[in-house]
Structures are given as structure tokens and as C-alpha cells.
Enquirer: 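Supplied in C-alpha cells, the structure appears directly below.
Owing to the predicted nature of the structure, the values given are computational and were not obtained by experimental measurement.
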Amino acid sequence: MGSIFSQISAVVAMNIRSLGQRFWMSLAMVIASAVVVAILLAFLAMAQGFSKTLESAGADDIAIFTREGSAAELNSVISRDQVNILETAPGVVKDENGPVVSPELYVIVDGIKKSSQTEANIPLRGLDDRGFAMRKNVQITEGRMFTPGTNEMIVGAGILREFDGFALGQEVKFGKVIWKVVGVFTTGGNVFESELWADVKVLQSLYNRGSSYQTARVQMSSANDLEAIRAFVEGDPRLNLDVETESAYFKAQGKSLSYMAYFGWVISSIMALGALAGALNTMYTSVAERAKEIATLRAIGFSSLSAFVGTIVEALVLAAIGGALGSIVAFLLFDGLNASTLGGSFTQVVFAFELTSDLFIQGGIIALFIGFFAGFFPAFRAARLPVIVAFRNAA
Amino acid sequence: MTTDILFDLKGVKKSFTRGKETIKIFDGLDMQIKQGDFLAIMGPSGSGKTTLLNMLGGVDQPSSGEVWFDGARIDSLSEGQLSKWRANNIGFIFQFYNLMPMLNAARNVELPLLLTNLSAKQRKQSVETALQLVELADRAAHLPKELSGGQQQRVAIARAIVSDPKLLLCDEPTGDLDRHTADEILEMLQLLNEKFGKTIVMVTHDPSAASYAKRTLHLDKGEFVEKDLAA
Ligand SMILES: Nc1ncnc2c1ncn2[C@@H]1O[C@H](COP(=O)(O)OP(=O)(O)O)[C@@H](O)[C@H]1O
Ligand SMILES: [Mg+2]
């Protein structure tokens with residue numbers, strides 16, 4: 001029975017070589033599969049890019065404090081007194097200027113999106129040198145840092161890319177206040193690049209916040225210090241605050257677009273059903289056109305299994321070609337594509353679509369799914385084709 | 001049971017149902033074919049020639065009755081068993097050649113050998129021998145569409161004999177060929193019968209094709225009328 005393999009491989013080779021004779025039908029199936037895969041990958045790349053933009057912003061060894069139950073920076077309030085107490089918490093790193101703590105403000109301003117020319121919310125963050133230095137990979141790429149005590153601001157690279165009116169040297173008016181853009185900063189592509197930064201003291205006075213802040217970040221010597229800090233917060237009734245690592249905070253925010261991935265699967269599964277209908281048509285046509293060849297091989301003594309496998313493999317090959325094509329198209333169109341959407345604080349997050357190898361694997365799975373089901377039923381027909389078809393008197 | 005009877009048909013009935021209608025093709029047919037025979041089956045169109053050939057080749061089954069081949073019943077074999085039986089015992093030659101259009105002559109001839117345990121080298125040798133026998137060794141690399149009708153039928157004959165089956169079943173093998181080419185094909189069948197001892201059953205409606213056979217049976221309304229070659 002060493003021959004079953006040579007039978008099947010011979011039939012598979014014949015089917016593949018004769019694809020050219022069914023070029024348009026085969027192409028239709030390839031394209032249907034390609035479209036489904038490309039659309040799935042677009043959604044997955046979007047969800048992936050968004051969550052990575054947020055998740056990569058967070059550090060494990062920075063603790064972020066927010067008012068109890070506030071969930072996001074925007075809704076939080078922290079007083080100067082509370083910040084003073086926090087500075088004495090165990091595990092807070094100290095340097096020559098004292099504890100490494102960054103109390104920050106986070107307000108919302110309007111910007112005009114380049115893509116749609118519509119208004120959208122942008123966060124304006126107030127911080128100081130300490131807070132600036134706490135961001136991983138932070139770098140001024142153009143201009144300079146703002147001067148404390150002035151109406152100067154620096155603009156994240158993502159904002160510069162996606163919004164009008166924030167070019168270096170430009171003056172920007174929020175309410176009655178005129179700001180000047182003196183620098184552009186990057187943070188390696190993460191969510192902080194979707195922000196404007198200015199001096200926290202200036203913001204406090206312009207936005208009538210007195211001496212209060214919204215959040216505080218503290219540098220821990222390691223992530224292990226979080227438990228001690230949490231115990232410290234819970235032990236002091238004046239500190240009605242939540243604390244978590246910055247990475248945990250952003251991870252939770254990054255989940256807000258994970259529904260995009262599910263949505264992508266739902267949309268592309270529905271489309272896959274449509275593609276399947278077309279692909280079934282392709283494969284039934286293939287079996288019909290090969291009927292005489294299949295029957296002739298069966299008359300010679302080839303098994304019905306070889307007819308079955310030959311048909312299934314043909315379908316899988318067509319769907320896989322489509323999947324590869326769809327992946328290439330998705331990569332060319334979507335990988336690195338810039339977009340902005342609402343993040344956790346009702347502000348725009350600028351992010352780039354990102355395609356990774358495990359997303360391509362998911363695309364491959366849906367393509368093979370289409371191929372398998374498009375091949376299965378026609379393969380049954382091929383296997384059960386009566387051999388007398390070989391003798392039908394038609395050329 | 002030592003006998004030179006290759007085929008023995010006993011009380012074979014065959015009918016087709018088409019919608020509500022039942023068409024009786026054979027109603028108790030008896031027939032014997034000897035080893036080494038070259039039998040031509042003639043008869044008007046629709047008389048059941050192809051149906052009979054299909055039952056002999058195990059690609060169609062009688063509604064009732066028995067088909068014995070070489071001392072064993074084949075009418076009750078399963079599909080899978082019949083595939084193997086065909087691979088081991090039968091070479092088919094079709095009116096329209098039924099070559100695989102995407103395979104060259106040598107690859108077409110090789111097909112039945114893929115069902116054996118022969119090595120690639122042994123297969124190549126057998127293919128060469130078969131192509132030499134039909135005088136097409138120089139066309140081994142040609143695709144069917146690059147060959148004339150007569151050449152294609154010779155490739156088909158090479159395919160039918162390459163695994164050295166006892167029996168060749170031919171359905172109108174010259175039905176699509178001109179007189180001269182048809183004669184070449186028929187001479188080749190005659191050679192295979194006389195020199196190589198192949199038993200041949202050939203369906204044809206052409207009396208001059210039938211004249212190459214050792215005997216001719218006339219099928220009419222599901223019954224045989226045997227006639228002498230001279231008659
Ligand atoms: N699969 C089938 N279903 C129904 N009728 C059939 C089938 N095959 C053959 N027939 C009928 O049986 C009769 C004999 O057919 P066939 O054996 O092909 O005749 P021949 O080869 O002598 O022309 C014809 O009337 C044909 O229409
Ligand atoms: Mg016929």
C-alpha cells in the first residue's frame with residue numbers, strides 16, 4: 001500500500017497544474033480569500049497598534065496615584081498635602097533633589113484633526129523636569145524644553161503628525177490663553193506622544209486649580225515596592241487614593257480597543273461565509289470540469305480517496321494563495337498606518353496599525369478554514385463520481 | 001478449477017430508472033469470453049454495448065445476475081476492491097482517448113504504474129517499453145494537444161498495456177479516427193492479441209473495425225446474435 005501516497009501526490013500535482021485551465025474561477029476564489037484575510041488583519045492590526053501604544057507607555061517601576069475610584073487621570077484629584085505625604089512612602093527613590101515624585105495636571109484642549117478637519121480632544125499635561133525625565137525614551141527632537149513659569153509648551157510627535165496648528169514656533173490659543181510651541185518630543189511611539197506638555201505650575205494658575213493636582217507618579221526602586229506603597233496608602237486615612245504600576249494602568253486602558261479584534265473576527269467571519277459560497281462554486285466547477293479526468297483515473301484503478309484529497313488540496317492551495325496575497329496587501333496598506341481614536345480619557349490617542357507574526361497566523365487560519373470547507377463538499381462529490389462518466393460520449 | 005474461460009456472465013439483468021420510467025437493457029444475459037479471445041461487440045446505438053463493457057470492467061454493476069472473472073465473482077465487490085481489481089487486471093481504451101491534458105505522453109502512460117510498488121526507475125523502463133511498442137518513443141515528452149488523434153490513441157493503448165493486464169476493454173477505439181489511422185490502431189490491437197496474448201473486448205459500430213476481431217457478437221434488444229466472420 002505504498003502506492004496510496006504516490007496516487008494522491010500524482011492527483012494533487014495534476015490538479016495544481018491544471019489550475020490555469022480554470023484561471024478565472026480559481027482567481028475568484030483566491031481574491032475572495034484575500035479580501036477576508038486583509039480585512040481581518042486590518043482590524044487586528046488596529047487593536048494591536050492601539051494596545052501597544054498604551055502598553056508600551058507604562059513602566060513597571062513607576063507607581064501612579066489617582067483618587068480612589070477615578071479610574072482615569074482625567075477624573076482624578078490629588079492635593080498638595082497628599083503629595084507631601086506620598087513623598088515619605090517606603091520604596092520611593094530619592095536623589096540629590098529629594099524624592100523622585102511627579103505631581104501632574106491633565107486637562108483637555110481642542111485640536112483640529114488633519115484627516116477630517118474636525119475638532120477632537122487632546123490632553124494638555126502639566127509636569128515639571130522630574131516628570132519629563134520619568135518618561136522612558138523621552139527626547140526633544142526639535143526646539144527645546146519649555147521654560148518653567150512661562151506659557152510655553154512642547155508637542156508630542158503624534159500630535160504634530162495628526163493635528164493642524166502645532167508646528168514648532170507657532171502660537172496656539174486655548175480659551176483666552178496664548179501658548180507658544182517651543183519644542184517637539186518623542187517617547188518611542190507610545191501614548192505620551194499624543195499629548196501636549198507644559199509647566200504644571202502655569203497650568204495650575206491658568207486653570208484655577210490652586211495647589212491641587214490630578215495624579216502623582218513616583219519612581220520606585222523596583223516593581224516589588226508596590227505592595228509596601230499600597231500598604232502605606234491604606235494605612236493612612238488621609239490618602240484616599242488608588243495606586244498601581246504605570247504599566248498596569250496603561251494595560252487596562254489599552255484593553256479599551258480590544259473589542260476591535262473581536263469585531264474584526266465577527267466581520268471577517270461573516271465575510272468568510274460569503275467567500276465560502278463563492279469558493280464552493282469554484283470548487284464544484286472544478287470537480288465538474290475535471291469529471292472525465294477523475295473518472296478516467298478511477299477506471300484505471302485510482303482510489304476515490306485520491307480524488308477526495310486532490311480536491312481538498314486544490315481548495316487549500318487556492319485559499320492559501322489568497323491568504324498570502326491578503327496578508328501582503330494588508331501589510332502594504334495598513335502596517336504603520338497612522339490613526340487616532342478616542343482613548344480611555346476621551347482624548348485622542350495617536351497610534352500606528354501594527355501587524356505581527358501572530359496576526360498573520362490568525363489570517364492564515366481563516367484562509368485555511370475557507371479552503372477546507374470550500375473543498376470538503378466538492379471533494380465528496382469528486383470521490384463519489386460514477387466511473388462510467390469516463391465513457392460518456394463527449395469529447 | 002482449471003478453465004480457459006476468462007469471463008462468465010450468468011443471467012445478467014440490467015435496468016436504468018429515469019424518473020418514473022424503468023428501462024430494461026438486459027433481461028437475463030448469458031455470455032462467456034475465453035482467455036486470448038479478441039471479441040468485437042456490435043449493435044445499433046442504444047443497444048447496451050457500453051453498458052455491457054462497463055459491467056465487464058467493473059465500473060457498472062448488474063441489477064441482478066453474476067459476473068465471474070477468472071473463477072471469482074466481481075459483481076459483489078466493493079468500490080475499493082473493484083478499483084484494485086481494475087488496476088490489476090484491466091486496461092481501458094476509450095473513444096476519446098481520455099488522456100490527462102496537463103501530462104506529457106510518458107506521464108500519461110506512467111499513471112497505472114503509480115498504483116504498483118515499482119520504483120521510479122522501473123516505472124521509467126516500463127513506460128519506455130510501452131511507448132516503443134506503440135512506436136511513439138520519440139514523442140514521450142509531448143503533451144496530448146501536440147499529438148494527432150491517432151497518436152493520442154496509441155498513447156492511450158500504451159497506458160492500457162503498461163502494467164501488463166490480461167484484458168483490454170475498448171469502447172469505440174477508432175470511432176474518432178479516419179480510416180487509415182483506424183486501421184493502424186486495429187492492427188496494433190491485433191498484434192497485442194496475437195503476439196502478447198491479451199484478451200480484448202472491443203465495442204464498435206464499424207463492421208470493418210470488427211473484421212479485425214476473432215469473432216463478433218451482435219447485440220440487439222439485449223440479446224446476442226452470433227455471426228460468422230465470413231458471413
Ligand atoms: N446511467 C444511465 N442512466 C439511464 N440510462 C442509461 C444510463 N446509461 C445508459 N443508459 C441507457 O441505456 C441504453 C444503452 O446505453 P449504452 O450502453 O450507452 O448503449 P450503446 O453503447 O450501445 O449506444 C440507452 O438507451 C441509454 O440511454
Ligand atoms: Mg456506447
Enquirer: Quick check on B/R73: does its CZ atom have over 12 non-hydrogen neighbours (other residues, nucleotides or ligands) under 6.0 Å away?
Expert: yes

Enquirer: Do A/K292 and B/N98 come close enough that some side-chain heavy atom pair is under 4.5 Å?
Expert: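 Yes, side chains in contact.
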
Enquirer: Look at B/L111, B/L169, B/D176 and state which one has the largest set of heavy-atom pairs under 4.5 Å with chain A.
Expert: B/L111

Enquirer: Is the closest side-chain heavy-atom distance between B/F92 and A/I300 below 4.5 Å?
Expert: no

Enquirer: Check whether any side-chain heavy atom of A/S303 lies under 4.5 Å from a side-chain heavy atom of B/K84, and answer yes or no.
Expert: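 No. Closest side-chain heavy atoms not under 4.5 Å.
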
Enquirer: How about CZ on B/F16, more than 12 heavy atoms from neighbouring residues, nucleotides or ligands closer than 6.0 Å, or not?
Expert: yes

Enquirer: Between A/R298 and B/V59, is there a side-chain heavy-atom distance shorter than 4.5 Å?
Expert: no

Enquirer: Heavy-atom distances under 4.5 Å only: say whether B/R159 touches chain A with side chain, backbone, both or neither.
Expert: side chain

Enquirer: Which heavy atom in B/L114 sits nearest to a heavy atom in A/S6, and how many Å separate them?
Expert: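 Looking at all heavy atoms of both residues, the shortest contact is O-OG, 3.0 Å.
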
Enquirer: Can you tell which part of B/E79 gets under 4.5 Å to a heavy atom of chain A, answering side chain, backbone, both or neither?
Expert: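 Side chain of B/E79 only, per the 4.5 Å heavy-atom cut-off to chain A.
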
Enquirer: State whether the number of non-hydrogen atoms from other residues, nucleotides or ligands found under 6.0 Å of A/K114 atom NZ is greater than 12.
Expert: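 Yes - once you tally the heavy atoms of other residues, nucleotides and ligands closer than 6.0 Å, there are more than 12.
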
Enquirer: Name the option with the most non-hydrogen atom pairs under 4.5 Å to chain B; the candidates are A/T296, A/V387, A/L305, A/L297.
Expert: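 Looking at each of A/T296, A/V387, A/L305, A/L297 in turn, A/T296 comes out on top.
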
Enquirer: Quick one: does any side-chain atom of B/R86 pair with a main-chain N or O of A/G301 as donor and acceptor, under 3.5 Å?
Expert: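 Checked: no pair found.
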
Enquirer: Are more than 12 heavy atoms, taken from residues, nucleotides or ligands other than B/R107, located less than 6.0 Å from that residue's CZ atom?
Expert: no

Enquirer: Kindly give the heavy-atom pair with the smallest separation between A/S18 and B/M102, and that separation in Å.
Expert: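 A/S18 and B/M102 have their closest heavy atoms at CB-CE, 3.6 Å.
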
Enquirer: Could you pull out the closest heavy-atom pair between A/A390 and B/F94, with the gap in Å?
Expert: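 Closest approach of A/A390 to B/F94, heavy atoms only: O-CD2, 3.6 Å.
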
Enquirer: Under a 4.5 Å heavy-atom cut-off, does chain A meet the side chain of B/I90, its backbone, both or neither?
Expert: neither

Enquirer: Would you say that more than 12 heavy atoms from the other residues, nucleotides or ligands in this model lie under 6.0 Å from the OH of A/Y284, or not?
Expert: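 Above 12, so yes.
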
Enquirer: Can you find a heavy atom in the side chain of B/M100 that is under 4.5 Å from one in the side chain of A/R17?
Expert: no

